[in-house]
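Remember, predicted model here, so these are calculated numbers, not experimental data. The chain is numbered in sequence order, starting from 1.
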Amino acid sequence: MLHSIKYLAGSPGPSGFGSKSSAEHVTASALHLPSITAIITGATSGIGAETARVLAKRGARLILPSRNLKAAEEAKARIEAECSGSEIIAMALDLSSLASVRTFVAQFESLNLPLNLLINNAGKFSHEHAISEDGIEMTFATNYLGHFLLTKLLVNTMVETAKATGIQGRIVNVSSSIHGWFSGDIIKYLGQISRNKWNYDATRAYALSKLANVLHTHELARRLKKMGANVTVNCVHPGIVRTRLTRDREGFITDLVFFITSKLLKTIPQAAATTCYVAANPRLSNVTGKYFADCNEASPSKLAASLTEAARLWSASEIMVNTNSKLVFNPNNALE
């Protein structure tokens, strides 16, 4: 009850920020941003677009990858119109395709740019069951697996950039509190919905993908620490906001739900605040492997906090993205 009152009131937490803080507000002290290069997925609309706008306003060089290159170019133009002198590159990337992820990384590397910040923001909620070209359920492929491979392929560049510049690299995974709605065996359910539509539930599939984002954060943080890398990784719950994420469910029911919950909804600038806080605020130096909501550290679900499950998902993910391996992902074979 007290938490709900604080949320509605926008009361600041230990960070000095709260649910009503805006992305511009939380980045006011981020004086290092003119020195950084950032990749932001899903930056053509909604929370990602506001994140990109604010970071560009603070001076960051941006890479905006999108499945729709025209949309990325339009987002670039909007930001440039507001932030004169900003440096923005639009590139093609379909996160549901592992081949597209590899092509994007190769093209980015050909630019010989540093990489200080990676924001894995893009998300999909699909009512209709679909399978990616790689044989993985589409929501999981887009929200998690594409980002897993993207991060895997870019992390060495981030480590080297941090060494060369002395600026700590940061990775931000955008999750959701809905991750706590998933219970059960992660790998088994993924296998079921990747094989047929009969076990498919859109909300549960979305919750699974968001749970995977949190587990990825924990395991990657552990590995980066073990490497001694000057790169952190954290995940965030942006809050309840109506964005194009619900485009597959537009209609009376969706409108009614959002009307009923309108008092809980954040504005887009408020929803982008936690991402921007974790990406750029100086007080989070050396903070890694954490989950944030309303610009403050929070607790994920019990399943999301399991280091065993994090390691298990990582092992399965390595198999799913490994094109050179003769291993075949089979969720019915336990990855215990």
Distance in Å, E137 CD paired with N196 CG, rounded so as to fall on 0.5 Å steps
11.5 Å
Any luck finding a side-chain donor-acceptor pair between N116 and T161 under 3.5 Å?
no
Determine, step by step, whether L113 and I63 satisfy the side chain to side chain contact (heavy atoms under 4.5 Å, CB included) criterion, reporting the C-alpha distance in whole Å, the side-chain angles of both residues, the deciding distance to 0.1 Å, and the verdict.
CA-CA 10 Å; L113 292 174; I63 311 297; 4.0 Å; yes
Is there a path of hydrophobic side-chain contacts, each under 4.5 Å between heavy atoms of I, L, V, M, F, W or Y residues, that connects V159 with L150?
yes
Answer with yes or no whether the hydrophobic clustering places F292 together with F17; edges join I, L, V, M, F, W, Y residues whose side-chain heavy atoms lie under 4.5 Å apart.
yes
So CG of L115 and CD of E160: to nearest 0.5 Å the spacing works out to 12.0 Å
Just verifying a value: how many Å separate R204 CZ and S209 OG, rounded to the nearest 0.5 Å?
12.5 Å
Output the distance between atom CG (L190) and atom CZ (F140), rounded to the nearest 0.5 Å.
5.0 Å
W314-V214 co-clustered via ILVMFWY side chain contacts under 4.5 Å
no
For the residue pair P238 and S175, what are the closest heavy atoms and their distance?
CD-O, 3.5 Å
Considering only heavy atoms from C-beta outward, does the side chain of T44 approach that of N68 to under 4.5 Å?
no
Heavy-atom check, side chain of N281 versus side chain of S29, under 4.5 Å:
yes
Sub-3.5 Å donor-acceptor pair from the side chain of N121 to the main-chain atoms of A43, do we have one?
no
Restricting to non-hydrogen atoms, name the atom on H179 and the atom on A304 that form the minimum distance, rounded to 0.1 Å.
CD2-CB, 3.6 Å
State plainly whether one hydrophobic cluster holds both Y277 and Y291, where clusters connect Ile, Leu, Val, Met, Phe, Trp and Tyr through side-chain heavy atoms under 4.5 angstrom apart.
no
Any donor-acceptor N/O pair, K210 side chain to V174 backbone, under 3.5 Å
yes
In the structure I gave you, are the side-chain heavy atoms of Q192 and W198 within less than 4.5 Å of one another anywhere?
no
Consider only side-chain heavy atoms of I, L, V, M, F, W and Y, link residues closer than 4.5 Å, and tell whether I193 and I136 are in one cluster.
yes
What salt bridge (charged side-chain N to carboxylate O under 4.0 Å, His left out) pairs are there with at least one residue in residues 212-235, not counting sequence neighbours?
E219-R222, E219-R223
Using side-chain heavy atoms (C-beta onward) and a distance below 4.5 Å, is N230 in contact with K163?
no
Does a side-chain heavy-atom distance below 4.5 Å link I79 with L64?
yes
I'd like to check S35 versus T165 (side-chain heavy atoms, cut-off strictly below 4.5 Å). Are they in contact?
no
Out of curiosity, L313 CG to M320 CE, how far, rounded to the nearest 0.5 Å?
6.5 Å
With a 3.5 Å cut-off and no angle check, do the side chains of N120 and T151 form a donor-acceptor pair?
yes
Measure across A56 and L62 and return the closest heavy-atom pair with its distance rounded to 0.1 Å.
CB-CD1, 3.7 Å
Working to the nearest 0.5 Å, report the span between CG of L208 and CD1 of I178.
13.0 Å
With N173 as reference, evaluate N143, T217, N213 under the side chain to side chain donor-acceptor pair (under 3.5 Å) test and give the passing residue.
T217
Yes or no on side chain to side chain contact (heavy atoms under 4.5 Å, CB included) for V101 and V321, after CA distance, side-chain angles and deciding distance?
CA-CA 10 Å; V101 173; V321 303; over 6 Å; no
Test your reading of the model: is there a side-chain donor-acceptor pair from Q168 to the backbone of N286, 3.5 Å cut-off?
yes
How would you list, by chain and number, every residue that makes a side-chain hydrogen bond (donor to acceptor under 3.5 Å, both in side chains) with Y144, sequence neighbours excluded?
S317
Locate the shortest heavy-atom distance separating A310 from L215; write the atom from each residue and the value.
CB-O, 3.5 Å
What is the minimum heavy-atom distance between T41 and A122, and which atoms define it?
OG1-N, 2.9 Å
Within the 4.5 Å heavy-atom criterion, are L154 and I39 side-chain neighbours or not?
yes
Which atom pairs, one a donor and one an acceptor, fall under 3.5 Å between side chains of residues 80-98 and the rest of the protein, sequence neighbours left out?
unit_1, atom_1, unit_2, atom_2, d
E82, OE2, R53, NH1, 2.7
S86, OG, C83, O, 2.8
E87, OE1, R61, NE, 3.2
E87, OE2, R61, NE, 3.1
D94, OD1, S96, N, 3.0
D94, OD1, S96, OG, 2.8
D94, OD2, S96, OG, 3.4
S97, OG, A99, N, 3.4
S97, OG, S100, N, 3.1
S97, OG, E133, OE2, 2.8

Count the heavy atoms of every other residue, nucleotide or ligand shown that sit under 6.0 Å from NZ of K76, and state whether that count exceeds 12.
yes
Taking all atoms of both residues into account, what is the closest heavy-atom pair of A207 and W181, and its distance?
CB-CB, 4.1 Å
Heavy-atom side-chain contact between V278 and R170 under 4.5 Å
no
